[in-house]
Amino acid sequence: MIILYSYPALFGVADNNGYGLKVFAFMRLARQPFVHEHLFDASAAPRGQLPYIVDDGEAIGDSDTIIAHLNSKYRLAIDTALGARERRLNLLVTRMLDDLYWVMSYSRWKDEAFWPSFRDALRREHPTLTEEDLRKAQDVNSQRYYYQGIGRYAPAAAYARGIEDLQVLANLVPTSDYVFGQSPTSIDACIYGFIANILFYPIDTPLRQFVTAHRNLVRHCTDIHHAVGSTAC
């Protein structure tokens, strides 16, 4: 049995990180059986990053590498109908979501306007976390943001960048069905991984304000959410 290791749930979302949630959603949508294990400590993971899977004793990290591995090894049907254009668009959206990730993460760990709410929510749902644990995590993330670049932005400029990414998604996601038709594909799982980690968090960041103002994003996210069996309302 494949084991998916990813960060814990928060606010009813199966993983409070977009990358782990997209793998979770992909495996559910592709009907690939797996066991889900939650971790805070990523030190044992490939490259020291979550998510990763263990498949027949092999540890595989990086969300895109995981999805490619599962598609290849198990000949999953979820993307078989896609043509070259759809696959190129899938890649472009996946790379753009890498950019959105940094702004979303910044809103939680860096922006003092929202950090206390995020910290308190983590501690309520995961009481084994200590104030020291969270402060260390915040310090590590602050370093990551600085070297990546988003940590050098003022909040308004950081959110403007994230909203540009969200506008692309708002223009892409249809008012009904899924990005490439009546059935979800891996691009829908990827989009869900990040939008759910904005929409279902009752922390009113500029990113969430944008998402809630766009019915197609809300509809798409909630449809995938119900399909994969998460618990947020």
Side-chain angles (χ1 to χ4, degrees), residues 1-80 82 90-91 93-95 97-98 100-102 104-105 108-109 121-122 125-126 128-129 133 137 140-141 144 178-179 183-201 220-232:
M1 178 66 72
I2 298 169
I3 304 174
L4 168 63
Y5 293 94
S6 77
Y7 286 107
L10 190 63
F11 298 127
V13 176
D15 184 325
N16 77 90
N17 179 281
Y19 295 107
L21 187 60
K22 86 176 187 183
V23 173
F24 170 87
F26 171 83
M27 294 175 79
R28 284 288 181 88
L29 293 172
R31 304 186 187 283
Q32 175 61 52
F34 67 101
V35 173
H36 195 184
E37 298 286 347
H38 294 290
L39 301 172
F40 278 114
D41 183 1
S43 59
R47 304 181 192 170
Q49 294 178 312
L50 296 173
Y52 74 100
I53 64 169
V54 175
D55 184 13
D56 288 335
E58 180 184 8
I60 301 164
D62 180 78
S63 59
D64 295 331
T65 304
I66 292 168
I67 288 172
H69 164 82
L70 295 172
N71 268 326
S72 174
K73 181 174 179 179
Y74 295 101
R75 301 185 181 277
L76 301 176
I78 186 170
D79 286 340
T80 54
L82 300 184
N90 196 334
L91 178 63
V93 170
T94 299
R95 295 291 188 265
L97 289 169
D98 289 342
L100 179 60
Y101 161 79
W102 289 103
M104 186 179 72
S105 187
R108 300 174 180 187
W109 296 95
L122 277 174
E125 293 206 28
H126 303 287
T128 59
L129 289 173
D133 292 332
V140 168
N141 280 315
R144 293 170 65 233
Y178 302 98
V179 173
S183 299
T185 63
S186 60
I187 195 172
D188 298 289
C190 292
I191 293 170
Y192 166 77
F194 293 88
I195 297 299
N197 268 295
I198 296 170
L199 175 63
F200 292 119
Y201 281 33
H220 180 271
C221 184
T222 53
D223 282 0
I224 297 287
H225 198 68
H226 294 313
V228 302
S230 291
T231 59

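Everything numeric here is computed off the predicted structure, so don't read it as measured data. The basis for the numbers below is simple: all heavy atoms, side chains too, and nothing from hydrogens, waters or symmetry mates.
Counting only heavy atoms from C-beta outward, the side chains of Arg144 and Trp102 approach each other to under 4.5 Å. Contact check for Val140 versus Trp109: no side-chain heavy atoms found under the 4.5 Å cut-off. For the pair Phe34 and Val54, the minimum side-chain heavy-atom distance is 4.5 Å or more. Residues Ile60 and Thr65 form a side-chain contact, since some pair of their non-hydrogen atoms from C-beta on lies under 4.5 Å apart.
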Evaluate Ile2 against Leu70 for side-chain contact (heavy atoms from CB on, under 4.5 Å), listing each step before the verdict.
CA-CA 10 Å; Ile2 298 169; Leu70 295 172; 3.7 Å; yes
Before giving the answer on side-chain contact (heavy atoms from CB on, under 4.5 Å), spell out for Asp15 and Phe24 the whole-Å C-alpha distance, their side-chain angles and the decisive distance to 0.1 Å.
CA-CA 8 Å; Asp15 184 325; Phe24 170 87; 5.7 Å; no
Carefully, step by step, assess Leu50 and Asn17 under the rule side-chain contact (heavy atoms from CB on, under 4.5 Å).
CA-CA 9 Å; Leu50 296 173; Asn17 179 281; over 6 Å; no
Run the numbers on His69 and Ile53 for side-chain contact (heavy atoms from CB on, under 4.5 Å), then give the verdict.
CA-CA 10 Å; His69 164 82; Ile53 64 169; 3.9 Å; yes
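Minimum heavy-atom separation, His225 to Phe200: ND1-CE1, 3.4 Å. Ala30 and Leu76 make their closest contact through CB-CD1, 3.9 Å (heavy atoms, listed as atom of the first residue, atom of the second, distance). In plain terms, the two heavy atoms of Leu39 and Pro8 that are nearest each other are O-CD, 3.0 Å. Minimum interatomic distance between Pro51 and Ser6 (heavy atoms only, all atoms of both residues): CB-CB, 4.1 Å. When every heavy atom of Asp79 is checked against every heavy atom of Ser186, the shortest pair comes out as OD2-OG, 2.6 Å. The two residues Tyr7 and His38 come nearest to each other via the heavy atoms O-ND1, 2.9 Å.
Without hydrogens or angle criteria, Gln49 side chain to Asp62 main chain gives no donor-acceptor distance under 3.5 Å.
A donor atom on one side chain and an acceptor atom on the other are not found under 3.5 Å apart for Asp188 and Tyr192. Defined by atom type and a distance below 3.5 Å, a donor-acceptor pair is present between the side-chain atoms of Tyr19 and Asp98.
With sequence neighbours excluded, the residues satisfying side-chain hydrogen bond (donor to acceptor under 3.5 Å, both in side chains) with Ser63 are Lys22.
The CD1 atom of Ile78 sits 5.0 Å away from the CZ atom of Phe26 when rounded to the nearest 0.5 Å. Atoms CD1 and CG, on Ile187 and Leu91 in that order, are 10.0 Å from each other to the nearest 0.5 Å. Between atom CD1 of residue Ile67 and atom OG of residue Ser72 there is a gap of 13.5 Å, rounded to the nearest 0.5 Å. In this structure, the separation between CG on Asp133 and NE2 on His126 is 12.5 Å, given to the nearest 0.5 Å. Taken to the nearest 0.5 Å, the CD1 atom of Ile3 stands 6.0 Å off from the CD atom of Glu37. Distance check, rounded to the nearest 0.5 Å: CG of Asn16 to CZ of Phe11 gives 9.5 Å.
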